[in-house]
Amino acid sequence: MTTNSQWKALLEEFMAQENPARKVQMRAYMRNQFDFLGIPSPVRKQIQRPYFAAMKKAAIDWAFVETCWQLPYREMQYVAIDYLVTMQSVLQPDELEKISELVLQKSWWDTVDGLNKVVGGLTMTYPELSQKMLAWSKAENLWLRRIAIDHQLLRKEKIDRELLETILLNNLGSDEFFINKAIGWSLRDYAKTNPKWVQAFLLTHKDQLAPLSIKEASKHL
């Protein structure tokens, strides 16, 4: 099956599951920024699973990813993210640039946080990409910065603490909700592994941290 026929066949199956009432709710939840078909996540994943199984190979089908990203239904962007997660083991360092292009298109927290998992896995496999994360942490685009802040989530004792600290310091003093939320999440997650360090960080930088960041970071302390 070609890339063209894959996304078309998948979209046809999705459209057969269109739910008018649910798609209005889903669109409203995303502040009416994106169109939906109204397909619940479990149903979407069940439909896409055999397509992904047939597409498994040694390299990412970026034509499939990019086509899904350009389609008008938000579910198709979720398909692209899930496909990248499925193919995580074959992602190469130079493909981080392609992921960054996705981050910058149709950006909102749902796709950005989905891509964060992909970036997190890639940078875990290729630690040399830490320099890219440092660059992203100072980017003008808030979504690149959000991923830089949170890309080490769930690493526990494998977190590069020095990298985390530098990235956080690069983003202190922000008045952007999604940045301050991300700072809080990264600290809250690391607090499960190293609460003393997080407590010290909060104390040292309390005047620069947003109340939202402190609230989120303190939930497990």
Side-chain angles (χ1 to χ4, degrees), residues 1-23 25-27 29-30 33-129 132-133 143-144 146-147 150-156 158 189:
M1 188 178 286
T2 65
T3 296
N4 195 45
S5 58
Q6 284 164 341
W7 72 258
K8 283 186 175 180
L10 187 54
L11 182 58
E12 286 177 4
E13 286 202 53
F14 281 178
M15 294 185 77
Q17 297 289 329
E18 185 175 4
N19 185 318
R22 184 183 289 273
K23 72 179 184 180
Q25 295 172 352
M26 294 173 77
R27 181 180 172 87
Y29 184 64
M30 290 297 167
Q33 297 183 90
F34 311 103
D35 289 326
F36 285 84
L37 289 166
I39 303 173
S41 179
V43 175
R44 172 176 55 78
K45 291 185 177 183
Q46 183 179 7
I47 294 172
Q48 71 192 25
R49 189 174 295 117
Y51 289 88
F52 290 177
M55 293 169 67
K56 280 203 169 182
K57 48 188 176 181
I60 304 292
D61 187 342
W62 281 102
F64 175 79
V65 172
E66 290 161 3
T67 299
C68 288
W69 212 264
Q70 296 308 318
L71 289 168
Y73 303 111
R74 198 60 165 172
E75 286 92 346
M76 296 305 291
Q77 280 90 72
Y78 300 157
V79 166
I81 293 168
D82 289 346
Y83 169 69
L84 288 174
V85 171
T86 299
M87 299 293 288
Q88 184 86 57
S89 63
V90 301
L91 273 170
Q92 299 300 308
D94 61 352
E95 292 176 306
L96 182 64
E97 187 64 31
K98 290 183 179 292
I99 298 171
S100 72
E101 292 172 5
L102 300 179
V103 175
L104 298 174
Q105 299 176 53
K106 301 186 178 183
S107 309
W108 198 240
W109 64 264
D110 55 339
T111 53
V112 170
D113 289 357
L115 291 171
N116 181 65
K117 298 176 184 178
V118 181
V119 173
L122 184 60
T123 54
M124 184 75 170
T125 303
Y126 300 100
E128 63 269 25
L129 292 176
K132 289 286 188 179
M133 293 298 98
W143 301 113
L144 290 175
R146 181 175 169 96
I147 288 181
D150 280 345
H151 80 281
Q152 293 195 85
L153 288 178
L154 304 179
R155 289 191 187 177
K156 299 182 178 179
K158 294 182 180 179
D189 180 67

I need the [X] [atom1] to [Y] [atom2] distance, nearest 0.5 Å.
X: L10; Y: M55; atom1: CG; atom2: CE; answer: 9.0 Å
X: D35; Y: R27; atom1: CG; atom2: CZ; answer: 4.5 Å
X: L84; Y: K98; atom1: CG; atom2: NZ; answer: 11.0 Å
X: D110; Y: Y29; atom1: CG; atom2: OH; answer: 9.0 Å
X: L96; Y: E101; atom1: CG; atom2: CD; answer: 10.5 Å

Quick one: does [X]'s side chain get under 4.5 Å of [Y]'s, heavy atoms only?
X: R155; Y: T123; answer: yes
X: E18; Y: L37; answer: yes
X: K8; Y: S5; answer: no
X: L102; Y: V118; answer: no
X: M133; Y: Q152; answer: no
X: R74; Y: M26; answer: no
X: M76; Y: F14; answer: yes
X: W62; Y: I60; answer: yes

Donor-acceptor under 3.5 Å ([X] side chain, [Y] main chain):
X: E75; Y: I39; value: yes
X: T86; Y: D82; value: yes
X: N116; Y: D150; value: yes
X: K106; Y: Q70; value: yes
X: E66; Y: F64; value: no

Take a 6.0 Å sphere around CD of Q46 and say whether it holds more than 12 heavy atoms from other residues, nucleotides or ligands.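 Not more than 12 within 6.0 Å, no.
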W108: partners by ring-ring contact (aromatic ring centres under 6.0 Å, His included), with sequence neighbours left out: W143, F178
For F52, enumerate each residue passing the ring-ring contact (aromatic ring centres under 6.0 Å, His included) test, keeping only those at least two apart in sequence or located in another chain.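 Once residues adjacent in sequence are excluded, the partners of F52 under the ring-ring contact (aromatic ring centres under 6.0 Å, His included) criterion are Y83.
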So, using side-chain hydrogen bond (donor to acceptor under 3.5 Å, both in side chains) as the criterion, who are the partners of Q33 when residues are at least two apart?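 By the side-chain hydrogen bond (donor to acceptor under 3.5 Å, both in side chains) rule, Q33 matches no residue at all.
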Donor-acceptor side-chain pairing of Q77 and Q105 below 3.5 angstrom: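 No pair is found: no donor N or O on one side chain lies under 3.5 Å from an acceptor on the other.
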Closest approach of L154 and D189, non-hydrogen atoms and distance?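 For L154 and D189, the tightest heavy-atom pair comes out as N-OD2, 2.9 Å.
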